[in-house]
Peer 1: 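One structure is given below, represented as structure tokens, and several questions about it will come after.
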Amino acid sequence: MTTGVLLQITQTGLALLLAPLLMGWVNICRAWLQGRSAPPLLQPYYTLQKLFHKDAVLAHDATRLFRFAPYLIFACMVLAAGIVPTLANDLPFSPAADVIALVGLFALARVFQALAAMDIGTAFGSLGARREMLVSFLAEPALLMVFFTASFISQSTELPHIVDRLAHQEFALYPSLAFAAVAFWMVSTAENARIPVDNPSTHLELTMIHEAMILEYSARHLALIEWAVALKLFTYSALGIALFLPWGIAAAGDLNALPLALLALVLKLALGGAALALLETINAKMRLFRAPEFLGTAFLLAVLGMLVHFLLEV
Amino acid sequence: MSLTYHLQVVNLLAAVLLLIAFAMLSQRRIVGLITLFAWQGTALAASTIIVAWSTAQHHLYYSAALTLALKVVVMPWYFFRLVRKLDVDRDVEPMINIPTTMLIGIALVIFAFNLALPIAQMAGTVTRSTLGIALASVLLAFLMMITRSKAIPQVIGFLAMENGLFFAATSATYGMPLVVELGVALDVLVAVFVLGIFFFHIRETFDSMDLKHMERLREK
């Protein structure tokens with residue numbers, strides 16, 4: 001039990017530490033692919049440090065909700081990062097939430113983000129919040145469908161069971177997961193405010209979705225939100241790994257497999273980050289009104305995955 | 001799941017085939033459509049080769065090679081050339097908007113899967129469970145032909161339908177006799193070239209590749 005708790009703390013701490021690193025790695029790959037000179041790998045840490053040392057400026061009309069939201073968003077993401085198995089399977093935290101509750105956890109963070117953006121009453125804040133809600137209410141059912149496809153295969157909505165079924169039992173190819181993987185990629189670009197749905201590095205307020213919501217934040221609040229964004233990207237990558245490339249995650253109680261699991265995790269994250277950068281480079285940001293079509297396609301692909309599961313795998 | 005690995009790969013490739021059929025349905029640009037068509041041919045040839053290898057049906061190797069040569073190399077190359085010459089690579093709005101088309105597509109897939117179940121039970125091949133996917137690809141390609149008004153996407157839809165039929169034949173009966181397949185391949189090839197010449201005539205007559213102009217033909 002104590003080893004389990006220790007492992008859980010290690011895994012969550014590792015997620016906290018690795019998340020900005022992943023962000024930095026994606027930025028470096030993007031810079032390389034676009035022919036720019038790359039920022040240092042540790043740049044996100046420097047930014048966080050700088051932000052934590054500044055004095056926070058709050059708008060006059062800011063209520064307590066506005067100050068409280070970054071902490072809540074950060075807490076949600078830390079909790080989510082603890083639930084998704086990255087290093088070892090079946091840790092004490094993981095029964096806390098199955099995949100459906102995990103989607104709810106993301107939704108909770110998003111609702112508070114949107115409320116905080118509307119709280120100040122600036123035009124850009126509420127514009128961003130509305131766009132975010134438009135995108136997320138379309139992304140959420142698609143994400144649930146992706147999880148249901150994996151759940152049908154493993155007969156459980158608990159992530160440890162899904163990982164156990166896919167990684168530690170007899171190897172099989174699941175065509176339905178191919179559909180789910182494409183749908184998952186589409187959903188995660190929308191949820192993480194990446195190209196083609198949103199551009200994370202834009203300075204044009206009129207095209208912003210996620211950035212528009214956090215324009216009013218500064219200093220430690222902004223640092224927490226930026227860190228939460230990095231954690232969300234990390235958690236989504238970990239989810240993608242757990243569902244589609246779970247080989248390497250240590251089985252429950254298997255301590256000897258841990259060094260290999262860490263190596264596999266870093267390798268998979270590095271490859272995943274490079275792939276994300278590549279996809280962001282070859283795609284252009286689409287118009288906002290194309291986003292419903294994009295996410296509708298994701299939903300249909302996830303449904304198709306389920307149908308194919310019943311045709312080919314039962 | 002007690003299938004052997006190469007059959008699992010065939011199933012995976014069948015899923016990829018269906019995925020590409022949906023991607024074609026949602027694709028707006030003609031060049032993207034041609035690339036997807038080439039990929040569909042590749043997946044088809046790969047699955048045919050694996051079926052040929054696992055069931056020792058040697059004539060399937062020939063049909064796989066034919067698919068690879070015609071549908072992955074010759075036809076896409078010819079289409080790319082046509083698009084360049086006709087200068088028609090622009091966004092094409094289909095007649096029904098794309099989300100609705102995709103919804104109809106899902107309904108077609110469910111229909112095809114249900115339709116294929118009793119047929120698949122009668123077939124004696126190891127790949128019979130992919131019959132539903134083959135039928136679905138045929139119907140989806142048909143849907144694409146219906147919803148597009150431009151000439152080149154319609155022809156690609158026709159060829160994608162042929163891909164689906166070929167896959168259906170492979171999964172239900174390990175392919176048609178070689179003579180039939182050769183004949184079909186030749187027919188398709190000739191059809192593509194004839195249609196290619198047609199494209200030029202259509203554009204010369206109507207100044208557009210939109211086939212709805214052809215609904216009002218009158219003798220002068």
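Keep in mind that the numbers below use all heavy atoms, side chains included, and drop hydrogens, waters and symmetry copies.
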Peer 1: Does B/His59, at its NE2 atom, have more than 12 non-hydrogen atoms belonging to other residues, nucleotides or ligands within less than 6.0 Å?
Peer 2: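 Counting neighbours around NE2 of B/His59, more than 12 heavy atoms of other residues, nucleotides or ligands fall under 6.0 Å, so yes.
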
Peer 1: Is the number of heavy atoms from other residues, nucleotides or ligands under 6.0 Å of B/Phe142 CZ greater than 12?
Peer 2: no

Peer 1: Go through the atoms of B/Val9 and report whether side chain, backbone, both or neither lie under 4.5 Å from a heavy atom of chain A.
Peer 2: both

Peer 1: Working to the nearest 0.5 angstrom, can you tell me the gap between A/Leu311 CG and B/Thr130 OG1?
Peer 2: 8.0 Å

Peer 1: Does a sphere of radius 6.0 Å around OH in B/Tyr62 hold more than 12 heavy atoms from other residues, nucleotides or ligands, not counting ones at 6.0 Å or beyond?
Peer 2: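 For B/Tyr62, atom OH is not crowded (no more than 12 foreign heavy atoms under 6.0 Å).
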
Peer 1: I'd like to check A/Thr297 versus B/Phe22 (side-chain heavy atoms, cut-off strictly below 4.5 Å). Are they in contact?
Peer 2: no

Peer 1: Say you draw a straight line from CD1 of B/Ile106 to CZ of A/Phe299; how long is it, rounded to the nearest 0.5 Å?
Peer 2: 8.5 Å

Peer 1: Which value, rounded to the nearest 0.5 Å, describes the distance between B/Thr100 atom OG1 and A/Glu293 atom CD?
Peer 2: 9.5 Å

Peer 1: Just how far is it from atom CG of B/Leu103 to atom CG of A/Leu300, taken to the nearest 0.5 Å?
Peer 2: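 If we round to the nearest 0.5 Å, B/Leu103:CG and A/Leu300:CG are 5.5 Å apart.
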
Peer 1: Apply the test side-chain contact (heavy atoms from CB on, under 4.5 Å) to residues B/Leu18 and A/Phe179: give CA-CA distance (whole Å), side-chain angles for both, the deciding distance (0.1 Å), then the verdict.
Peer 2: CA-CA 9 Å; B/Leu18 190 60; A/Phe179 288 92; 4.0 Å; yes

Peer 1: Name the region of A/Leu301, side chain, backbone, both or neither, that has any atom closer than 4.5 Å to a heavy atom of chain B.
Peer 2: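 Answer is side chain: those atoms of A/Leu301 sit under 4.5 Å from chain B.
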
Peer 1: Heavy-atom distance under 4.5 Å to chain A: side chain of B/Ile133, backbone, both or neither?
Peer 2: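 Both parts, backbone and side chain.
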
Peer 1: Got more than 12 heavy atoms from elsewhere within 6.0 Å of CZ, B/Phe111?
Peer 2: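 It does not: B/Phe111 CZ has 12 such atoms or fewer within range.
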
Peer 1: Would you say the side chain of B/Phe113 lies within less than 4.5 Å of the side chain of A/Val308, judging by non-hydrogen atoms?
Peer 2: yes

Peer 1: Would you say CH2 of B/Trp39 has more than 12 non-hydrogen atoms from neighbouring residues, nucleotides or ligands within 6.0 angstrom?
Peer 2: no

